[in-house]
Amino acid sequence: MTNVLWLQGGACSGNTMSFLNAEEPTVCDLISDFGINVLWHPSLGLELGENLQGMLWNCVLGKIPVDILVFEGTVVNAPNGTGEWNRFAHRPMKNWVSDLAKVAKYVVAVGDCATWGGIPAMAPNPSESQGLQFLKRQKGGFLGVDYRSKAGLPVINIPGCPAHPDWITQILVAIATGRIGDITLDEFHRPQTFFKTFTQTGCTRNIHFAYKATTAEFGQRKGCLFYDLGCRGPMTHSSCNRILWNRVSSKTRAGMPCLGCTEPEFPFFDLKPGTVFKTQTVMGVPKELPPGVKQKDYALLTVVAKDTAPAWADEDFFLV
């Protein structure tokens with residue numbers, strides 16, 4: 001039996017909603033097939049008031065083992081480092097996180113807010129929000145650079161706004177079945193199983209990307225979203241086009257640009273007007289290019305690609 005305790009800080013509950021929609025495996029599968037015992041979850045837990053507080057103290061004191069501490073949302077430190085803006089069970093939530101992280105065998109941060117602060121940590125960050133072990137790209141976060149769980153691992157980060165449900169449940173299964181040692185974490189503590197490749201991998205618009213065939217309208221099923229609509233798929237680490245959402249689709253397949261929500265900088269440009277859903281360019285060249293593409297070569301590449309593009313590259317291949 002693997003005890004999972006799920007807590008929520010400064011969050012919108014989006015990752016909880018995603019988690020409850022998991023399919024491979026489902027939440028029910030976690031319990032029935034993989035021996036996971038959900039000690040408490042904000043949307044599933046039965047304990048309230050003093051009963052919940054007593055359970056949490058028993059976890060802190062080691063009377064109830066915490067095999068996996070899952071945290072969703074930011075660690076709120078405001079005002080002035082006290083954490084009083086986010087109280088839970090008669091204490092600032094940050095105090096529970098600090099105490100429980102010391103006794104947890106594994107700690108898993110789910111969603112951008114828990115991993116590196118996300119939207120609440122945008123400047124000027126009035127809630128003094130942090131991720132568990134990062135603040136944007138800066139290492140440290142609330143628990144500090146050197147934090148290690150009782151199993152000897154740093155916080156396992158599963159970013160996204162929200163995180164894909166199957167990323168969450170599959171990591172929980174890997175821990176519960178003793179296979180987490182087979183999974184390599186990248187420099188941002190993301191499991192490379194899901195975050196080694198780019199969102200572009202598996203995108204149905206790759207042929208349009210290669211021939212610089214663009215689209216300037218949402219929902220269109222042809223044309224690449226990178227050149228005009230600010231799609232960050234070629235620069236974002238995720239498996240959204242390999243492990244489809246609801247087993248059916250993804251943002252780019254539905255005609256919406258990837259916003260890069262699994263990267264520490266999300267939301268990019270601090271959501272300034274004119275920066276969202278619009279590719280930032282200098283003399284027609286995107287300011288940010290996919291890894292390995294040099295800006296000085298981009299203009300030549302564009303000319304060659306467009307000159308060699310076959311007629312069918314601009315056709316709607318979904319039509320029957």
Inset, instruction - Is it possible for you to say whether Phe34 and Tyr106 belong to one hydrophobic cluster, with membership spreading through side-chain heavy-atom contacts below 4.5 Å? - result: yes
Inset, instruction - Using the six-membered ring wherever Trp is involved, compare the ring planes of Phe226 and Phe209 and label them parallel, tilted or perpendicular (cut-offs 30° and 60°). - result: perpendicular
Legend entry - pair Asn206-Cys203: side-chain heavy atoms closer than 4.5 Å: yes
Inset, instruction - Please examine the side chains of Leu7 and Leu5, heavy atoms only from C-beta on, and report whether any two atoms are closer than 4.5 Å. - result: yes
Inset, instruction - Please report the closest heavy-atom contact between Arg242 and Thr193, naming both atoms and the distance. - result: NH2-O, 3.2 Å
Inset, instruction - Check whether any side-chain heavy atom of Asp112 sits under 4.5 Å from a side-chain heavy atom of Pro159, and report yes or no. - result: yes
Inset, instruction - Determine whether the side chains of Asp29 and Thr26 contain a donor N or O and an acceptor N or O closer than 3.5 Å. - result: yes
Legend entry - N/O donor-acceptor pair under 3.5 Å between Glu84 side chain and Pro79 backbone: no
Inset, instruction - Before accepting this row, confirm whether a basic side-chain N of the pair Lys139/Glu187 lies closer than 4.0 Å to the acidic partner's carboxylate O. - result: no
Inset, instruction - Group every Ile, Leu, Val, Met, Phe, Trp and Tyr by side-chain heavy-atom contacts under 4.5 Å, then state whether Val276 and Leu229 land in the same group. - result: yes
Legend entry - Contacts of Asp99 that satisfy salt bridge (Lys or Arg N to Asp or Glu O under 4.0 Å) - sequence neighbours left out: Arg91
Inset, instruction - Please name the pair of heavy atoms, one in Glu72 and one in Asn15, separated by the smallest distance, quoted to 0.1 Å. - result: OE2-N, 3.2 Å
Inset, instruction - For the pair Phe188 and Trp116, name the ring-plane relationship: parallel under 30°, tilted 30 to 60°, perpendicular over 60°. - result: perpendicular
Inset, instruction - State, without any angle test, whether Trp167 and Ser239 hold a side-chain donor-acceptor pair at a distance under 3.5 Å. - result: yes
Inset, instruction - Carefully, step by step, assess Asp67 and Ile175 under the rule side-chain contact (heavy atoms from CB on, under 4.5 Å). - result: CA-CA 9 Å; Asp67 297 304; Ile175 295 175; over 6 Å; no
Legend entry - Contact summary for Gly14 and Pro162, nearest pair of heavy atoms: O-CB, 3.6 Å
Legend entry - Hphob cluster co-occupancy, Val97 + Val107, side-chain heavy atoms under 4.5 angstrom: yes
Legend entry - Whether Tyr147 side chain and Gly141 backbone form a donor-acceptor pair below 3.5 Å: no
Inset, instruction - Give a yes-or-no answer on whether the side chains of Ser250 and Asn241 include a donor-acceptor pair shorter than 3.5 Å. - result: yes
Inset, instruction - Mind checking the CG-SG spacing from Asn3 to Cys59? Nearest 0.5 Å is all I need. - result: 7.5 Å
Legend entry - Identified side-chain contact (heavy atoms from CB on, under 4.5 Å) counterpart of Glu263 within the set Arg137, Lys136, Arg232, Met235: Arg137
Inset, instruction - Kindly give the heavy-atom pair with the smallest separation between Val173 and Pro25, and that separation in Å. - result: CG2-CG, 3.7 Å
Legend entry - Polar side-chain atom of Thr279 near backbone of Gly230 as donor-acceptor pair, under 3.5 Å: yes
Inset, instruction - Measure across Arg87 and His90 and return the closest heavy-atom pair with its distance rounded to 0.1 Å. - result: NH2-O, 2.7 Å
Legend entry - Hphob cluster co-occupancy, Leu20 + Leu172, side-chain heavy atoms under 4.5 angstrom: yes
Inset, instruction - Identify, with sequence neighbours excluded, every residue that meets side chain to side chain contact (heavy atoms under 4.5 Å, CB included) alongside Cys12. - result: none
Legend entry - Close side-chain approach of Thr115 to Phe134, heavy-atom, < 4.5 Å: no
Inset, instruction - Taking Asp166 for its side chain and Glu24 for its backbone only, find out whether a donor-acceptor pair lies under 3.5 Å. - result: yes
Inset, instruction - Please work out whether the ring planes of His164 and Trp245 are parallel, tilted or perpendicular, with thresholds of 30° and 60°. - result: tilted
Inset, instruction - Please state whether the rings of Phe218 and Phe277 are parallel, tilted or perpendicular, taking 30° and 60° as the class boundaries. - result: perpendicular
Inset, instruction - Could you pull out all residues at least two apart from Asn51 that satisfy side chain to side chain contact (heavy atoms under 4.5 Å, CB included)? - result: Glu47
Inset, instruction - State whether the number of non-hydrogen atoms from other residues, nucleotides or ligands found under 6.0 Å of Lys150 atom NZ is greater than 12. - result: no
Inset, instruction - Flag yes if Leu153 and Phe194 sit in one hydrophobic cluster, no otherwise; membership is Ile, Leu, Val, Met, Phe, Trp, Tyr, and two members link when side-chain heavy atoms are under 4.5 Å apart. - result: yes
Inset, instruction - Look only at the side chain of Ser18 and the backbone of Ala163, and say whether a donor-acceptor pair between them is shorter than 3.5 Å. - result: yes
Legend entry - Sidechain-backbone polar pair: Arg247 side chain, Glu23 backbone, donor-acceptor under 3.5 Å: yes
Inset, instruction - State whether a side-chain donor-acceptor pair under 3.5 Å links Thr262 with Thr236. - result: no
Inset, instruction - Taking the side chain as every heavy atom from C-beta outward, state whether Thr214 and Cys224 have any pair of such atoms under 4.5 Å apart. - result: no
Legend entry - Side-chain heavy-atom pair Thr2, Lys105 within 4.5 angstrom cut-off: no
Inset, instruction - Starting at CD1 of Ile119, measure out to CZ of Phe266 and round the result to the nearest 0.5 Å. - result: 5.0 Å
Legend entry - Exercise: do Gln133 and Asn157 side chains pair donor with acceptor under 3.5 Å: no
Inset, instruction - Might you work through the side-chain contact (heavy atoms from CB on, under 4.5 Å) test for Cys113 and Phe71, ending with a clear yes or no? - result: CA-CA 10 Å; Cys113 293; Phe71 194 69; over 6 Å; no
Inset, instruction - Could you tell me which non-hydrogen atom of Lys94 sits nearest to which non-hydrogen atom of Gly83, and how far apart they are? - result: CD-CA, 3.6 Å
Inset, instruction - Verify, without hydrogens or angle tests, whether Gln192 (side chain) and Arg190 (backbone) share a donor-acceptor contact under 3.5 angstrom. - result: no
Inset, instruction - Check step by step if side-chain contact (heavy atoms from CB on, under 4.5 Å) holds for Val75 and Leu132. - result: CA-CA 7 Å; Val75 178; Leu132 286 183; 3.7 Å; yes
Inset, instruction - Report yes if the side chains of Lys196 and Asp186 come closer than 4.5 Å at any heavy-atom pair, otherwise no. - result: no
Inset, instruction - Drop me the distance from Asn95's CG to Thr82's OG1, to the nearest 0.5 angstrom. - result: 9.0 Å
Legend entry - Main-chain N/O of Met93 paired with Asn86 side-chain donor or acceptor, under 3.5 Å: no
Legend entry - Note, Val60 side chain near Trp96 side chain (heavy atom, < 4.5 Å): yes
Legend entry - Atom pair OG/CE of Ser43 and Met17 - distance to nearest 0.5 Å: 7.5 Å
Legend entry - Nearest-0.5 Å distance that lies between atom CG in Leu44 and atom CD1 in Ile31: 7.5 Å
Legend entry - Expected output: side-chain Gln8 to main-chain Gly73 donor-acceptor under 3.5 Å: no
Inset, instruction - Give the intermediate values and the outcome of side-chain contact (heavy atoms from CB on, under 4.5 Å) for residues Phe19 and Val27. - result: CA-CA 7 Å; Phe19 170 66; Val27 175; 3.7 Å; yes
Legend entry - Phe195 backbone acceptor or donor facing His237 side chain under 3.5 Å: no
Inset, instruction - Working to the nearest 0.5 Å, report the span between CG of Asp270 and CD of Glu265. - result: 11.0 Å
